[in-house]
Amino acid sequence: MTKYLTSEETKGSNIGLVPHTDKGTISFICDNGVQGLQLLSKTGNWVDINIPPNGFVVVVGDILQAWSNGRLEAATHRVVAKDEERFVFIFFAVPREGLIIKGPSELVDNENYPKRYRLFNYDEYVNYHHSIGSQEAPMGKFAGI
Ligand SMILES: O=C(O)CCC(=O)C(=O)O
Ligand SMILES: [Fe+2]
């Protein structure tokens with residue numbers, strides 16, 4: 001459960017959570033109806049995501065991008081601060097420690113989807129992510145072929 005500061009409490013900045021991709025496989029997000037999640041579109045615009053009441057939004061993370069050989073893309077997202085308190089509940093699905101991430105050969109097609117990522121150990125990716133300390137999507141740099 002996360003509680004975001006209101007725009008008054010963030011003192012000038014309207015950013016509740018900086019742009020990032022989730023580092024695991026998939027995330028499920030629901031909130032208390034105070035919307036604030038935004039997704040970066042392919043054209044570089046921030047788009048408001050309205051999480052439906054009693055529903056949730058599914059976000060693809062870095063690992064699923066690699067695992068699917070890039071057929072699914074990790075979504076860059078951020079949260080903007082609102083006048084009202086925003087609470088979210090998120091379920092982050094992550095691989096177990098030490099899992100080898102290797103895209104299945106069925107998802108490699110030399111014409112449209114040539115192999116995009118090398119095989120790697122999930123722990124290696126976690127360490128890499130911590131070492132670069134960046135919020136940017138680093139999967140291509142880390143394991144791109
Ligand atoms: O608050 C949200 O809607 C998203 C939070 C989020 O992206 C995260 O915690 O990784
Ligand atoms: Fe996130």
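Scope of the values below: all heavy atoms of this structure, side chains included, with no hydrogens, waters or symmetry mates. Bear in mind that the values here come from a model prediction, so they are computed numbers and not experimental data. Both ligands and their constituent atoms are indexed starting at 1 by order of listing.
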*asked:* Under 4.0 Å, counting heavy atoms only: does Asp31 come that close to any atom of ligand 1?
replied: no

*Is there a donor-acceptor pair closer than 3.5 Å between any side-chain N or O of Arg78 and the backbone N or O of Gly16?*
no

_Quick check: closest heavy atoms across Leu39 and Ala75, and the distance to 0.1 Å?_
CD1-CB, 3.3 Å

*So which heavy atom on Glu84 is nearest to which on Thr6, and how close?*
C-CG2, 3.8 Å

_Residue portion contacting ligand 1 (non-hydrogen atoms closer than 4.0 Å) for Ile90_ = side chain

*Can you list the ligand 1 atoms lying under 4.0 Å from a non-hydrogen atom of Phe92?*
8 (C), 9 (O), 10 (O)

*asked:* Can you classify the ring geometry of Phe142 versus Phe120 as parallel (below 30°), tilted (30 to 60°) or perpendicular (above 60°)?
replied: perpendicular

*Please note down the angle at the Fe ion (ligand 2) between NE2 of His77 and NE2 of His20, to the nearest 10°.*
90°

_How far is atom 1 (O) of ligand 1 from the closest protein heavy atom, and which atom is that?_
Tyr4 OH, 2.6 Å

*Which one holds for Asp22 and ligand 1: side chain close, backbone close, both close, or neither close, with close meaning a heavy atom under 4.0 Å?*
side chain

*Name of the Asp22 N, O or S atom nearest the Fe ion (ligand 2)?*
OD1

*Within a distance under 4.0 Å of any heavy atom of Ile29, pick out the atoms of ligand 1 and give their elements.*
3 (O), 4 (C)

*atom 3 (O) of ligand 1: which protein heavy atom is closest, and how many Å away?*
Arg86 NH2, 2.9 Å

*asked:* Do His20 and Asp22 pair up side chain to side chain, a donor and an acceptor below 3.5 Å, judged on atom types alone?
replied: yes

*For the residue pair Phe56 and Cys30, what are the closest heavy atoms and their distance?*
CB-CB, 4.2 Å

_In this structure, would Met139 and Tyr122 fall into the same cluster of hydrophobic residues linked by side-chain contacts under 4.5 Å?_
yes

*Between Leu17 and ligand 1, which residue portion shows a heavy-atom distance shorter than 4.0 Å: side chain, backbone, both, or neither?*
side chain

